[in-house]
Amino acid sequence: MIKRKVGVLISGNGSNLQALIDACQRKDYPAEIAVVISNKANAFGLTRAARAGVACEVIDHQRYESREAFDDAMHEMLERHKVEFVCLAGFMRLLSAAFVRRWQDRMINIHPSLLPAFKGISSHRDAIAAGVRVSGCTVHFVRTEMDVGPIIIQSAVAVLPQDTPETLGTRVLEQEHICYPQALKWLAEGRLSVQGQIVSVKESTPQNPTKASGALINPLD
Ligand code: GAR
């Protein structure tokens, strides 16, 4: 099987990166991680990448005079590793319009809410404060606005009366670790098409004739 080369951008713990590393280690998974780039030297995700023998690089945004210059350095690194797709996995920097354009429909992000609800960095706190009964996670194509873009997959999680942002976040994260490898699999297989805000998932090949759906998923069909 031809594995498509993926670059993963992180800023922290990298548990979603780990889920992608684990998926990519499967022989029948259609992607491999060519490089992990962190904008923070102390991101634990770098240790995860090193442990798995995946190339990792630190590109510290503080060392660049503009967002564009930082993004150019990342773009160069991704090109150097012949990356075809980019996954943002807890990457906590806004990206310039030029960078987003360069990776249009080849760059995806995971966010811990059912978008378009609760964008931003306090999704779980905001979901609990709003009194919603259901939250979850979303993988979507990246557009210039933060946490906006055509939705590939979502998974819902009940919000319980006793939930804190931490307890809700833990359950949502479990779903993130299922959704992200699934979304990347579809992307790497060339099964996603985007029209405006709508993403369609093509059925898989005759060897594996399951129907795909971007909601409440069947893992890895
Ligand atoms: C994840 O919950 C991810 O959805 C979120 O950051 C966390 C990173 O965790 N991303 C965003 O909020 C992006 N807007 P991880 O480093 O353990 O994967």
Side-chain angles (χ1 to χ4, degrees), residues 6-25 31 33 35-52 54 56-59 61 67 71 74 85-96 99-100 103 107-130 132 134-159 163-184 187 214 217:
V6 175
V8 184
L9 309 190
I10 62 165
S11 299
N13 179 33
S15 70
N16 278 290
L17 164 66
Q18 188 68 56
L20 296 176
I21 288 173
D22 294 347
C24 286
Q25 279 170 347
I33 301 176
V35 64
V36 171
I37 302 176
S38 174
N39 66 312
K40 301 244 169 139
N42 61 356
F44 182 64
L46 291 167
T47 305
R48 296 179 188 271
R51 268 190 207 150
V54 172
C56 44
E57 305 281 350
V58 176
I59 303 182
H61 61 277
R67 190 175 299 283
D71 286 0
M74 284 200 302
F85 301 109
V86 175
C87 292
L88 308 183
F91 181 70
M92 296 311 200
R93 297 281 309 160
L94 279 177
L95 294 164
S96 63
F99 186 88
V100 172
W103 293 96
M107 177 161 61
I108 61 180
N109 178 46
I110 189 154
H111 182 74
S113 73
L114 294 177
L115 292 174
F118 311 122
K119 297 167 187 150
I121 55 167
S122 55
S123 307
H124 303 310
R125 186 172 305 281
D126 296 347
I128 290 168
V132 295
V134 177
S135 191
C137 64
T138 304
V139 181
H140 62 96
F141 283 106
V142 175
R143 296 294 182 259
T144 42
E145 218 179 310
M146 189 180 65
D147 301 329
V148 168
I151 290 169
I152 300 167
I153 193 168
Q154 295 187 304
S155 184
V157 169
V159 181
D163 260 331
T164 63
E166 290 70 31
T167 58
L168 176 59
T170 301
R171 293 201 309 287
V172 170
L173 207 50
E174 282 172 21
Q175 294 305 306
E176 294 186 43
H177 298 161
I178 298 169
C179 285
Y180 217 177
Q182 177 70 78
L184 176 60
L187 182 66
I217 49 172

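For reference, positions follow the sequence shown, starting with 1. In what follows, every heavy atom counts, from backbone to side chain, and hydrogens, waters and symmetry copies are set aside. First listed ligand is number 1; within each ligand, the first listed atom is number 1. Not measured: the values here are computed from a predicted model.
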task = Apply side-chain contact (heavy atoms from CB on, under 4.5 Å) to the pair L187 and V6, showing each step before the final yes or no.
result = CA-CA 11 Å; L187 182 66; V6 175; over 6 Å; no
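- Heavy atoms from other residues, nucleotides or ligands lying under 6.0 Å from CZ of R125 number 12 at most.
- A heavy-atom cutoff of 4.0 Å around ligand 1 is satisfied by the protein residues N13, G14, S15, N16, G90, M92, I110, H111, P112, D147, L173, E176.
- The minimum heavy-atom distance linking Y180 with N109 is given by the pair OH-CA, 3.6 Å.
- M107 approaches L88 most closely through the heavy-atom pair SD-CD2, 4.0 Å.
- Looking at every heavy atom in both residues, A89 comes nearest to N16 through CB-CB, 4.1 Å.
- Looking at S135 and H124, their side chains never bring a donor and an acceptor atom within 3.5 Å of each other.
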